[in-house]
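Input: a single structure, listed below in structure tokens.
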There are 4 protein chains.
Amino acid sequence: MAAKRPLNVGLVGCGFMGRTHSNAWGKVNQFFELEYQPVLKAVCARNPEEVQGFAEQWGYESTETDWRALVTRDDIDLIDIASPNDTHAEIATAAAATGKMVTTEKPLARGGAESEQMVKAVDAAGVPNMVWYNYRRVPAVTLAKQLVDEGRLGKIFHYRAKFLQDWTISKDLPQGGAALWRLDVNVAGSGVTGDLLAHCIDTALWLNGDIDRVSAMTETFVKERHHNLTGKTEPVGIDDASAFLARFENGSLGTFEATRYARGHKALYTLEINGEHASIMWDLHDLHRLSYFDHGDEGRVRGWRSIHITDSDHPYMAHWWVPGLQIGYEHSFIHQAADFLTGLATGELVSPTFREALATDYVTDAVLKSATSEKWEMVKRA
Amino acid sequence: MAAKRPLNVGLVGCGFMGRTHSNAWGKVNQFFELEYQPVLKAVCARNPEEVQGFAEQWGYESTETDWRALVTRDDIDLIDIASPNDTHAEIATAAAATGKMVTTEKPLARGGAESEQMVKAVDAAGVPNMVWYNYRRVPAVTLAKQLVDEGRLGKIFHYRAKFLQDWTISKDLPQGGAALWRLDVNVAGSGVTGDLLAHCIDTALWLNGDIDRVSAMTETFVKERHHNLTGKTEPVGIDDASAFLARFENGSLGTFEATRYARGHKALYTLEINGEHASIMWDLHDLHRLSYFDHGDEGRVRGWRSIHITDSDHPYMAHWWVPGLQIGYEHSFIHQAADFLTGLATGELVSPTFREALATDYVTDAVLKSATSEKWEMVKRA
Amino acid sequence: MAAKRPLNVGLVGCGFMGRTHSNAWGKVNQFFELEYQPVLKAVCARNPEEVQGFAEQWGYESTETDWRALVTRDDIDLIDIASPNDTHAEIATAAAATGKMVTTEKPLARGGAESEQMVKAVDAAGVPNMVWYNYRRVPAVTLAKQLVDEGRLGKIFHYRAKFLQDWTISKDLPQGGAALWRLDVNVAGSGVTGDLLAHCIDTALWLNGDIDRVSAMTETFVKERHHNLTGKTEPVGIDDASAFLARFENGSLGTFEATRYARGHKALYTLEINGEHASIMWDLHDLHRLSYFDHGDEGRVRGWRSIHITDSDHPYMAHWWVPGLQIGYEHSFIHQAADFLTGLATGELVSPTFREALATDYVTDAVLKSATSEKWEMVKRA
Amino acid sequence: MAAKRPLNVGLVGCGFMGRTHSNAWGKVNQFFELEYQPVLKAVCARNPEEVQGFAEQWGYESTETDWRALVTRDDIDLIDIASPNDTHAEIATAAAATGKMVTTEKPLARGGAESEQMVKAVDAAGVPNMVWYNYRRVPAVTLAKQLVDEGRLGKIFHYRAKFLQDWTISKDLPQGGAALWRLDVNVAGSGVTGDLLAHCIDTALWLNGDIDRVSAMTETFVKERHHNLTGKTEPVGIDDASAFLARFENGSLGTFEATRYARGHKALYTLEINGEHASIMWDLHDLHRLSYFDHGDEGRVRGWRSIHITDSDHPYMAHWWVPGLQIGYEHSFIHQAADFLTGLATGELVSPTFREALATDYVTDAVLKSATSEKWEMVKRA
């Protein structure tokens, strides 16, 4: 086994996403044969005690409490941003300016305007970059992409996606700070549109091409919540629910919906594509399965196939266990890390780059605009 | 057992719906204890041979080939209309004018304007009337209604319905005549909007109250088809697919979609309601099940319940077999016939009456208008 | 349409099975084109009031309260036995002796010895005969038979069946009389072995061939119950649960189980066949679906297909509604009636005849014997 | 965060199970707060190149090619055996003799006789020991155990388990050596009985108590296979399929089956328990779900609950991601490692110890004996 090339990673943020990224960098070389080996050089977060504990738990060699210090360190090759949305643009831009690679948790930023600056920054610096739209690397979703690309579905008529949760129904849930920044519009940029629909849109653009225009509605069911940072009851600025109709460039119709008020669903991201010859369905609650209907099957025995995506001929699965033994959520990040590292070795940037992820921001911008204008809105093209 | 009061039925139409209605009238007294007993007095259709065969098969005492003759017969109490949409208004109006009860297959007519005339006619005549929106009487759906009415769901946040089919994808399928009148806009009035969405809307209004306004899109994927009546290739006037966003009066958000281009789905009518305390899902492809999530269940063992609707404490099911033994599609019509006959005995009209069904036409009108105007459109109120 | 040949039916029994048979005879000509038309000539049950009500409800022309009177009537062509198990042999034998056709609800009788007499009687009389093992005519099961017969599964390795119910768990449930004769060993012959396993065995023999030998265990969880006929607490003589291992003649292994103590299952009859090339699963709780796995499918998209058995190329389904619209339990009886009537016209007896059904009794005999002997027991061959 | 106490691990074997164990030791401290921290001190396997590559991949500090050398090293606290079954007894005995802790992949050994020696060895040495019956630590299965222990099911009537695979159907598959030692009876001890049924039995004994006696059948469908070690076609000594009936000490009935000839199933381990008040089902192919039926639920809305085991109040799940995001197969090993390390800190041995696992060998012994004797066989008690 040849010696690996080290890739020194500096992580910003040690919340939920800091954990998924750290797990990915830490495990990827145990399951994939790669030229590069991530080295967990440093992690950065504002609270010194918290960041110290996180570093010990995940094996980071050092800590920082100011991302500016992290970004200027010479011993870091890549800045990985897992902090809240309002920090992405500034950190990414600064990191790119120092010539570092940059990866960031999705969404790219709080909307197209901010995101465009980030794209410019990495393009100007010519540094590798990537956004962690991890669901593309769930093996079942990757297989869906293969099937679409192979033309098995034929002409596409319909694309359907929703992302349903139920964790903010209680009026007593506060907004802002720590784990609840997603309810604070200043930090998050928007509610479920940027958080959940962004996932649905990213996958849709990848699988089904560009969206021309949208008609949307949003709703904020709980209008005021206690704010953890101000200590006062404050208006809620985010959208609790968001749905839109879409017309894709390829002539197909799209329906999209996301909410945090769908009692009984924790993280039910589902997608379905109906083509002339075949259809595909997938569901995050059983992410190791893909449903596939092939109209070419003999009529009497034609039916939706429930494919248990655990065989070695399924994307990424040769690297894991044996047929029948499922992987979980965290593995999608490991796969994305593997692809990124492979891309470094081959010199080919891995999708979605910042530029590619910007397209999703343009759709969410149009969705939010349409919800206000109550008109169909065109989607800006990257 | 007391002697039954006969109800002399005259049926118009001997296609698919003529069969479901005949089956309902014929079987209802074998499974329900009712004061009234339908008598299959006459069936009417244009083709003498076809109507004769139908009468023999289903036990009709006589036949007619002109509905005008049927409507004026003295030995008929009720005219049941199972002929294509373009015939509903004229027949119903004439029947009501003779003082006969009138029931009609859905939709009421080809749109609100026509339907309003029918409402006026039955109201003026003061005759019992009903529209066969049969899915209300699928026991699982009826149970859903009970649960909503009991307040178990609490405040409603979301209503979601779709009706997906795949039988018109082939470009070689002609339009018009016999079984294909649903593709002929002059006969059907619209495509999936009046055919499939009408079912979704009727159930939604029943379960979740009025819809204030909608934003819709429709599409005709195959623009021209051979027309069976003209013998020529003609433009297709119907909508092949239709989707809309809705705002309900109760503050909840609705998403609706119907299509005949969803490969793999034959008649997948699904509905879901998300409330503060509980959620409900139902699916026509497994119509004997209801999915129910009760947030009041203890956390560790909380999950979607798959209720096999075959017990005697489920709506209508005490009249059928034993627990575990499912019924099918046709039974929803039998239940509706049973309720109608019960209503005759008690003097209470059974929902949906023509007036109630008109509300669905107003929604489909708004949907079709919005698809053209590309704006949100208000729904007219009955 | 040519005039139908009448088939005058005399039914014995007006309980649950009396209803399913009556429904079948009454509806079959509305859905199938047949030369014969059943005429509901007479129904017989001991209670005059009950039988009178039943006759009115189902349209029988006359009633009897003594089956001997029914059997000797000249205006009856076929005696259909839907009364408890202990009556089958005597009635069938007497009916055959008068030259009448005989059909009987399953099991044929209370065991092989009794059943052999019935086979002799119908064979001696040369009269058409059939046992209502209705599950063979659930379209999904019939399709399974077609697939097996076409050799699609290849060499069979495993056959697996169970029939789980939960309706007798309460100790307060009495035994004997009316609907509870199934708990009275003198009437029923055995418990779940003759009631539920008999269904599993009949289908297994049909799909997978003869069983050579078995090792079984049975259990009676509630040892004493109030007896409705004696008015006293009496020992329970039936088996509450029964399971057995089987070796089929074709070299495959079988596992079978039935119980009325499986909380949560109402009538969960499931079967599965694993062959070299393909496998099949079916489940009575969703009887309109067949699960099919074809190893010949391309690896990446191979999965269990959930076939919605509602298309016109599925067995029997061209006679019902349109694709996607499911039928239910009662339809299996209608299909069996249709096949029987077709068989009369062609002169070919329809399976299972008494002789064929006797094979099932031989297996249940061996099961009960093995449960007592605690040894493997050979199955007698017909 | 206090400094961790190191636990120096020496692993034997670097195949499939070497990977799952290494992954568990390596990740456990990133997700659980533990006093002990495993240190991957050494890994041992016969092939020097292979073991070197494995050590680099998983971060072992050193390698050995003779387990005897590993066992006598002073810098190792725990010997973890992940090599084939025929090596367990010798290595474990030697390791215990040096005072080291011992853990071993299941089954304990090739049958009760061998396993008894191992129990004696660890008991004599007084060293902590454990067998990796990992499925106990799938959160859904652990929850099942909690529900049983809380008495929610009431009296148990039925226990049902099967483990179905399809990977050895081809006659061209050889036996012996590397990944195929499971087909070599000398190495494996038995076929599916010791491999797959052992899992089913371990869970059953844990959830439902002791088994008194069994009646079994086994089959070897392919009688001869090329042997990789001898280079010749050799008789196949293992059982390809195995099924048995069981009587549990608590009066319930058990049915068990395992096979590698069930086309369409990769690793379908399912279990079901039916109690007086409630029932439970679980399925390894969707291991993140538990099905639960509570008869105490109100009748109208009673149904099987599909519990998505991803909430923080589910066993182990507070350590992972957020609700709705599933974990996979490998996590069960991490949980077992966490429990073992917790047990070291508290001084309480974690189940199943060697002694507890011996009970499973006694059942598999009885199963194999019964398959030969064709009689019911008593199960030896530990």
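Reminder, nothing fancy here: chain letters follow the sequence lines and each chain counts from 1.
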Ranking R247(C), H277(C), K162(C) by heavy-atom pairs under 4.5 Å to chain D gives rank one to R247(C)
Tell me, for R213(C) versus chain D, whether the close heavy atoms (under 4.5 Å) come from the side chain, the backbone, both or neither.
side chain
Structural part of I273(C) lying under 4.5 Å from a heavy atom of chain D:
neither
Of all heavy-atom pairs linking Y261(D) and N274(C), the shortest is O-CB, 3.8 Å
Which region of L253(D), side chain (C-beta onward) or backbone (N, CA, C, O), has a non-hydrogen atom less than 4.5 Å from a non-hydrogen atom of chain C, or is it both or neither?
both
Taking the basic N atoms (NZ, or NE/NH1/NH2) and the acidic carboxylate oxygens, is any pair closer than 4.0 Å for K171(C) and E276(D)?
no
Does K369(D) have more than 12 heavy atoms from other residues, nucleotides or ligands lying within 6.0 Å of its NZ?
no
Is L245(C) close to chain D through its backbone or its side chain, or both, or neither, when contacts mean heavy atoms under 4.5 Å?
both
Evaluate the side-chain proximity of H158(C) to E219(D): yes if any heavy-atom separation is below 4.5 Å, no if none is.
no
With a 4.5 Å cut-off on heavy-atom pairs, point out which of A278(D), A241(D), G303(D), A262(D) contacts chain C the most.
A262(D)
Counting C-beta onward and ignoring hydrogens, is there a side-chain heavy-atom pair between F157(C) and D240(D) closer than 4.5 Å?
no
Between F221(C) and chain D, with a heavy-atom cut-off of 4.5 Å, which part of the residue counts as in contact: side chain, backbone, both or neither?
side chain
Would you check if the side chain of W376(D) reaches a backbone N or O of K375(C) as a donor-acceptor pair within less than 3.5 Å?
no
Would the distance check show the side chain of S279(C) and the main-chain N or O of R263(D) forming a donor-acceptor pair, the cut-off being under 3.5 Å?
yes
Audit row: L164(C), R160(D), side-chain contact (heavy atoms from CB on, under 4.5 Å) steps and yes/no:
CA-CA 12 Å; L164(C) 308 181; R160(D) 210 168 283 121; 3.6 Å; yes
Portion of R302(C) that has a non-hydrogen atom of chain D nearer than 4.5 angstrom:
neither
Among side-chain atoms of H265(D) and E272(C), is any donor-acceptor pair under 3.5 angstrom?
yes
Part of T255(C) within contact of chain D (heavy atom distance under 4.5 Å):
side chain
Where does T218(C) contact chain D at under 4.5 Å (heavy atoms): side chain, backbone, both or neither?
backbone
